[in-house]
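Taking it in order: structure first as structure tokens, then the write-up.
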Amino acid sequence: MGKFIVFEGLDGCGKTSQIDILARRLKEKGEKVYVTAEPTNYETGLYLRRILSESLEKDIYLLAALFLADRIEHITHPEKGIKKYLDDGYTVICDRYYYSSLAYQGKNPNCNFEWILNLNLNCERLLTPDICLFLDVNPSTCKDRIDVSRDNIELYEKSVEEMSNIRRGFLDVFSTLKKDYSQNIMIIDANGSIDDVAKEILKYV
Ligand SMILES: Nc1ncnc2c1ncn2[C@@H]1O[C@H](COP(=O)(O)OP(=O)(O)OP(=O)(O)O)[C@@H](O)[C@H]1O
Ligand SMILES: Cc1cn([C@H]2C[C@H](O)[C@@H](COP(=O)(O)O)O2)c(=O)[nH]c1=O
């Protein structure tokens with residue numbers, strides 16, 4: 001059984017850059033590595049990408065349910081699912097997982113956190129990651145990076161204030177998951193250079 005590693009963080013925190021570096025290093029060590037992301041490229045994931053990129057107005061419970069449906073397919077797909085790769089001995093590195101649902105939807109004041117927590121944590125199909133690495137970057141740095149690197153600003157990238165609320169949501173989620181579910185979650189100060197952050201990540205993987 002391979003290892004299941006999840007990266008989380010605000011939009012623009014540097015997940016893609018760090019996942020690329022880690023995947024390369026693990027492959028150089030001879031590991032079989034599968035990199036994947038949520039939302040996925042399955043139908044529900046593509047619909048979610050459209051909602052995000054076009055900032056379509058959707059009920060928050062509908063959004064949470066769509067992310068969960070996408071996640072179940074992400075795990076269980078018979079050929080390309082995370083479970084299949086783990087069973088085949090791959091290290092799976094996943095860009096976002098249920099921590100994002102708990103922070104982005106669950107901590108939204110119009111949503112019931114316990115409902116989303118139960119749906120995700122008590123769903124027998126979902127696997128618990130071996131480790132979640134949260135790249136903690138100042139929200140205004142994330143916003144600057146997004147504004148510089150992309151033309152299209154997505155649903156959860158509109159303001160530093162909203163991104164700061166999401167960051168606080170993540171930190172709350174992590175204390176609950178560590179205390180009540182004994183989950184292995186590392187909060188990494190990722191404000192430094194790409195190389196410095198990559199070195200820090202290697203301490204935990
Ligand atoms: N440590 C860093 N220092 C400076 N710039 C960085 C750092 N990490 C990433 N960047 C830059 O910030 C931008 C966003 O990085 P990246 O795509 O890795 O983040 P992400 O978390 O995957 O973003 P998104 O959630 O928007 O997909 C890119 O232009 C990248 O080169
Ligand atoms: C899995 C998941 C994701 N989201 C949001 C968080 C981000 O704004 C986007 C994904 O963007 P990225 O640049 O590809 O990281 O989706 C969410 O709100 N809930 C979720 O469960």
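Indexing begins at 1, ligand by ligand and atom by atom, following the structure's order.
E38 has a carboxylate O that lies under 4.0 Å from a charged side-chain N of R71, or vice versa, which qualifies the two as a salt bridge. Between E31 and K3 there is no salt bridge, since no side-chain nitrogen of the basic residue lies less than 4.0 Å from a carboxylate oxygen of the acidic one. By the 4.0 Å N-to-carboxylate-O rule, E8 lies close enough to R96 to be salt-bridged with it.
Taking any N or O of S101, backbone or side chain, at least one lies under 3.5 Å from an N or O belonging to ligand 2. For ligand 2, the polar-atom distance check against R96 finds a nitrogen or oxygen pair separated by under 3.5 Å. Residue R71 places at least one N or O, backbone or side chain, under 3.5 Å from an N or O of ligand 2. Checking only distances, A190 never comes within under 3.5 Å of ligand 1, N or O to N or O. For a threshold of 3.5 Å applied to N or O pairs, the pair formed by E154 and ligand 2 contains no separation below that value. For ligand 2, the polar-atom distance check against Y156 finds no nitrogen or oxygen pair separated by under 3.5 Å. Residue contacts with ligand 2: K15 is placed with a nitrogen or oxygen under 3.5 Å of a nitrogen or oxygen of the ligand (distance criterion only).
Ring geometry, Y34 versus Y90: the interplanar angle exceeds 60°, so the pair is classed perpendicular (tilted spans 30 to 60°). The aromatic rings of F170 and Y104 sit perpendicular, their planes meeting at an angle over 60°, well past the 30° parallel limit.
Side chain of D130 to main chain of F4: a donor-acceptor pair is present (N/O by atom type, distance under 3.5 Å, no hydrogens or angles). Using modelled atom types, no side-chain atom of T141 and backbone atom of V137 make a donor-acceptor pair closer than 3.5 Å. Using modelled atom types, one side-chain atom of Q18 and one backbone atom of I194 make a donor-acceptor pair closer than 3.5 Å. Formation of a donor-acceptor pair under 3.5 Å by the T176 side chain with backbone atoms of D172 is found in this model. Without hydrogens or angle criteria, D196 side chain to G192 main chain gives no donor-acceptor distance under 3.5 Å. Of the possible donor and acceptor atoms, none in the side chain of D87 sits under 3.5 Å from a partner among the backbone N and O of M1. Between the side chain of K32 and the main chain of D88, a donor-acceptor pair closer than 3.5 Å is present.
Within the listing of ligand 2, atoms 1 (C) sit less than 4.0 angstrom from a heavy atom of E38. The contact set between ligand 1 and G14, taken as ligand atoms under 4.0 Å from a residue heavy atom, comprises 8 (N), 9 (C), 15 (O), 16 (P), 18 (O), 19 (O), 20 (P), 21 (O). Remark: ligand 2 atoms within the under-4.0 Å shell around heavy atoms of S100 are 1 (C), 2 (C), 3 (C), 19 (N), 20 (C), 21 (O).
Within the 4.0 Å heavy-atom shell around ligand 1 one finds G192. Heavy-atom distances between I194 and ligand 1 reach below 4.0 Å in at least one pair. Ligand 1 lies out of reach of E154, whose nearest heavy atom is not under 4.0 Å from it. Not a single heavy atom of G9 sits less than 4.0 Å from an atom of ligand 1.
In terms of protein heavy atoms, atom 27 (O) of ligand 1 is closest to T16 OG1, 4.1 Å. Closest to atom 13 (O) of ligand 2, if we only count protein heavy atoms, is D11 OD2, 4.2 Å. Of all protein heavy atoms, the one lying nearest to atom 18 (O) of ligand 1 is S17 OG, 2.5 Å. Given atom 26 (O) of ligand 1, the protein heavy atom at minimum distance is R150 NH2, 2.6 Å. Protein heavy atom at the shortest distance from atom 23 (O) of ligand 1 is G12 N, 3.2 Å. Of the protein's non-hydrogen atoms, S149 CB, 3.7 Å is the one closest to atom 29 (O) of ligand 1. K15 N, 3.5 Å is the protein heavy atom nearest to atom 20 (P) of ligand 1. Here the protein heavy atom with the shortest distance to atom 12 (O) of ligand 1 is R145 CD, 3.1 Å. Ranking the protein heavy atoms by distance from atom 14 (O) of ligand 2 puts R49 NH1, 2.9 Å first. Annotation: atom 3 (C) of ligand 2 to nearest protein heavy atom, F67 CE2, 3.5 Å.
Looking only at atom types and distance, the side chain of D195 has no donor-acceptor partner in the side chain of S193 under 3.5 Å away.
Within the 4.5 Å cutoff, no side-chain heavy atoms of Y156 are placed close to those of L10.
Only the side chain of L52 comes within contact range of ligand 2, with a heavy atom under 4.0 Å; no backbone atom does. Contacts between Q105 and ligand 2 below 4.0 angstrom, taking non-hydrogen atoms only, involve the side chain exclusively. Under 4.0 Å from ligand 2, not a single heavy atom of E8 appears.
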Working for ring-ring contact (aromatic ring centres under 6.0 Å, His included), residues Y97 and F7: CA-CA 8 Å; Y97 194 54; F7 278 73; over 10 Å; no
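Checking each of T40, N41, T36 against H74 for a side chain to side chain donor-acceptor pair (under 3.5 Å) leaves exactly one that passes, namely T36.
Remark: atom 7 (C) of ligand 1 lies closer than 4.0 Å to at least one protein heavy atom.
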